[in-house]
Asks: 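First the structure, which I've put down as structure tokens, then a few questions once you've had a look.
Note that the structure is a prediction, hence the values are computed from the model and not measured.
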Amino acid sequence: LLDDMDTCKFGVLLTLFTGMRIGELCALQWACISLQEKTLSVTATLQRLRDTERMDVDGARTRIVTGTPKSHTSVRTIPLTEFASALCAKMYPENPAAYVLTGTERFMEPRTLQYRLKRYTAACGLKGVHAHTLRHTFATRAIESGFELKSLSEVLGHATTAITMERYVHSTLEMKRT
């Protein structure tokens, strides 16, 4: 991802450092990243939804919707590592209204990001990597490095630590046993 980095590769890398969901990354604008505080604020999500109203009118089956994140705990501020913060400073555009994945005021939809991620991982000889794999990788590495569970739960936007335990800690303990 660091080789010949563009805005999309940067976004993928940023997800590995923050654990954001794909829709949160697609909706992320530079105004939500504070270089001074070294934080990233998750305030929106972007998703493609079935559009039953327009199907009758022009045949469109889906539409892109930007809205609030999955739950009230998904609206959060994520601290950035020194490396991630330095990378953000390097990539920061002149326009804070620009989307992180495009560098313009036009968003990238989740399908396009998934397609590009597939190309990036294929070029590295990796198979079966999806956007949510980046989130799982972040959480697994955080647990392995001793990240405190309550803090990790907050960074991931989970409502409770039980959700984090169920999805990530249990599988990590099983891997260690194996």
Side-chain angles (χ1 to χ4, degrees), residues 1-35 38-51 54 60-71 73-81 83-142 152 155-158 163-164 167-168:
L1 293 171
L2 291 171
D3 291 343
D4 197 29
M5 188 182 320
D6 60 16
T7 55
C8 188
K9 285 181 179 179
F10 164 73
V12 170
L13 193 57
L14 188 61
T15 301
L16 281 169
F17 286 106
T18 61
M20 286 187 299
R21 296 173 179 99
I22 185 174
E24 295 169 345
L25 177 61
C26 289
L28 185 65
Q29 293 175 288
W30 280 101
C32 295
I33 297 176
S34 171
L35 297 177
K38 297 179 182 174
T39 59
L40 179 154
S41 297
V42 177
T43 60
T45 190
L46 191 142
Q47 55 188 328
R48 180 171 285 283
L49 298 175
R50 185 171 197 76
D51 191 351
R54 287 182 52 201
R61 294 186 188 129
T62 61
R63 64 186 165 104
I64 296 291
V65 176
T66 301
T68 56
K70 194 173 178 180
S71 67
T73 55
S74 293
V75 175
R76 62 201 185 277
T77 300
I78 300 173
L80 297 172
T81 64
F83 182 78
S85 182
L87 213 50
C88 287
K90 181 180 173 185
M91 298 297 292
Y92 206 94
E94 290 182 23
N95 181 1
Y99 285 88
V100 168
L101 287 175
T102 63
T104 70
E105 289 190 38
R106 291 185 47 95
F107 59 80
M108 178 182 291
E109 68 170 285
R111 275 197 307 206
T112 303
L113 177 57
Q114 289 171 332
Y115 171 74
R116 289 197 183 175
L117 180 60
K118 188 175 183 176
R119 279 195 343 219
Y120 300 154
T121 57
C124 295
L126 301 172
K127 295 180 181 177
V129 177
H130 305 283
H132 207 72
T133 307
L134 305 173
R135 182 170 166 83
H136 282 273
T137 300
F138 167 78
T140 301
R141 297 294 175 246
L152 177 59
V155 166
L156 292 171
H158 289 158
I163 294 170
T164 308
R167 294 200 176 128
Y168 303 107

Asks: Test ring pair (Phe, Tyr, Trp, His ring centres under 6.0 Å) on Phe83 and Phe17; report intermediate values, then the result.
Replies: CA-CA 9 Å; Phe83 182 78; Phe17 286 106; 5.5 Å; yes
Asks: Between Thr104 and Thr102, is any side-chain donor less than 3.5 angstrom from a side-chain acceptor?
Replies: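 Thr102 and Thr104 do have a side-chain donor-acceptor pair below 3.5 Å.
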Asks: Can you tell me how far the CD atom of Gln29 sits from the OG1 atom of Thr66, to the nearest 0.5 Å?
Replies: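 It is 8.5 Å, given to the nearest 0.5 Å.
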Asks: Side chains of Ile33 and Val100, heavy atoms from C-beta outward: is any pair under 4.5 Å?
Replies: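 Result yes, sub-4.5 Å side-chain heavy-atom pair found.
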Asks: Quick check: do Leu13 and Met5 have side-chain heavy atoms less than 4.5 Å from each other?
Replies: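 Side chain of Leu13 against side chain of Met5, heavy atoms only: contact under 4.5 Å found.
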Asks: So, do Val42 and Cys32 sit near enough that their side-chain heavy atoms are less than 4.5 Å apart?
Replies: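 They are not in contact (no side-chain heavy atoms under 4.5 Å apart), so the answer is no.
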Asks: Would you check if Leu87 and Leu80 make a side-chain contact, meaning some heavy-atom pair closer than 4.5 Å?
Replies: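 No, their side chains stay 4.5 Å or more apart.
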Asks: Could you list the residues that satisfy ring pair (Phe, Tyr, Trp, His ring centres under 6.0 Å) with His136, not counting sequence neighbours?
Replies: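 Checked His136 against ring pair (Phe, Tyr, Trp, His ring centres under 6.0 Å); matches are His132, Tyr168.
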Asks: How long is the gap from CD1 on Ile78 to CZ on Phe138, to the nearest 0.5 Å?
Replies: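 One finds 7.0 Å between CD1 of Ile78 and CZ of Phe138.
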Asks: Is there a side chain to side chain contact (heavy atoms under 4.5 Å, CB included) between Cys124 and Leu1? Walk through the geometry before answering.
Replies: CA-CA 10 Å; Cys124 295; Leu1 293 171; over 6 Å; no
Asks: If we ignore angles and hydrogens, is there a donor and acceptor under 3.5 Å between the side chains of Arg21 and Thr15?
Replies: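 Result is no, nothing qualifies.
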Asks: Can you confirm whether Cys8 sits close enough to Met108 that some side-chain heavy atom of one is under 4.5 Å from a side-chain heavy atom of the other?
Replies: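 Heavy-atom side-chain distance check passes, below 4.5 Å.
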Asks: Between NE2 of His158 and OG of Ser74, what distance do you get to the nearest 0.5 Å?
Replies: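 Output value for this atom pair is 8.0 Å.
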Asks: With respect to Leu101, which candidate in Leu46, Thr7, Leu25 satisfies the side-chain contact (heavy atoms from CB on, under 4.5 Å) definition?
Replies: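 Option passing the side-chain contact (heavy atoms from CB on, under 4.5 Å) with Leu101: Leu25.
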Asks: Is it the case that the side chain of Thr39 and the backbone of Pro79 share a donor-acceptor pair, with hydrogens and angles ignored and the cut-off at 3.5 Å?
Replies: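 Absent.
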Asks: Give, for atom CG of Leu40 and atom CE of Met20, the distance between the pair rounded to the nearest 0.5 Å.
Replies: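 If we round to the nearest 0.5 Å, Leu40:CG and Met20:CE are 5.0 Å apart.
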Asks: Can you list every side-chain hydrogen bond (donor to acceptor under 3.5 Å, both in side chains) pair that touches residues 117-126, not counting sequence neighbours?
Replies: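 Every pair satisfying side-chain hydrogen bond (donor to acceptor under 3.5 Å, both in side chains) with a residue in residues 117-126: there are none.
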Asks: Minimum heavy-atom separation for Ala139 and Leu152, please, with both atom names.
Replies: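 Result for this residue pair: O-CD2, 4.0 Å.
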Asks: Should Arg135 and Leu156 count as side-chain neighbours, where that means a heavy-atom distance under 4.5 Å?
Replies: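 Answer yes - side chains close enough.
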Asks: Looking at every heavy atom in both Ser85 and Leu35, which two are closest together, and how far apart are they?
Replies: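 Here Ser85 and Leu35 meet closest at O-CD2, 4.0 Å.
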Asks: Which atoms form the tightest heavy-atom contact between Ala27 and Tyr99, and what is the distance?
Replies: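 Looking at all heavy atoms of both residues, the closest pair is O-CE2, 3.7 Å.
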Asks: Kindly determine whether Leu113 and Arg111 satisfy side chain to side chain contact (heavy atoms under 4.5 Å, CB included), including the steps that lead there.
Replies: CA-CA 5 Å; Leu113 177 57; Arg111 275 197 307 206; over 6 Å; no
Asks: In Å and rounded to the nearest 0.5 Å, what is the CZ to CD distance from Arg48 to Glu109?
Replies: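 Those atoms lie 4.0 Å apart.
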Asks: State, with a plain yes or no, whether a side-chain heavy atom of Asn95 is found less than 4.5 Å away from one of Glu105.
Replies: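 A side-chain contact exists here, since the closest heavy-atom pair is under 4.5 Å.
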Asks: In the structure I gave you, are the side-chain heavy atoms of Thr43 and Leu28 within less than 4.5 Å of one another anywhere?
Replies: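 Result no, sub-4.5 Å side-chain heavy-atom pair not found.
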Asks: Please identify each residue that fulfils ring pair (Phe, Tyr, Trp, His ring centres under 6.0 Å) with Tyr92, with sequence neighbours left out.
Replies: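 Only Trp30 meet the ring pair (Phe, Tyr, Trp, His ring centres under 6.0 Å) criterion with Tyr92.
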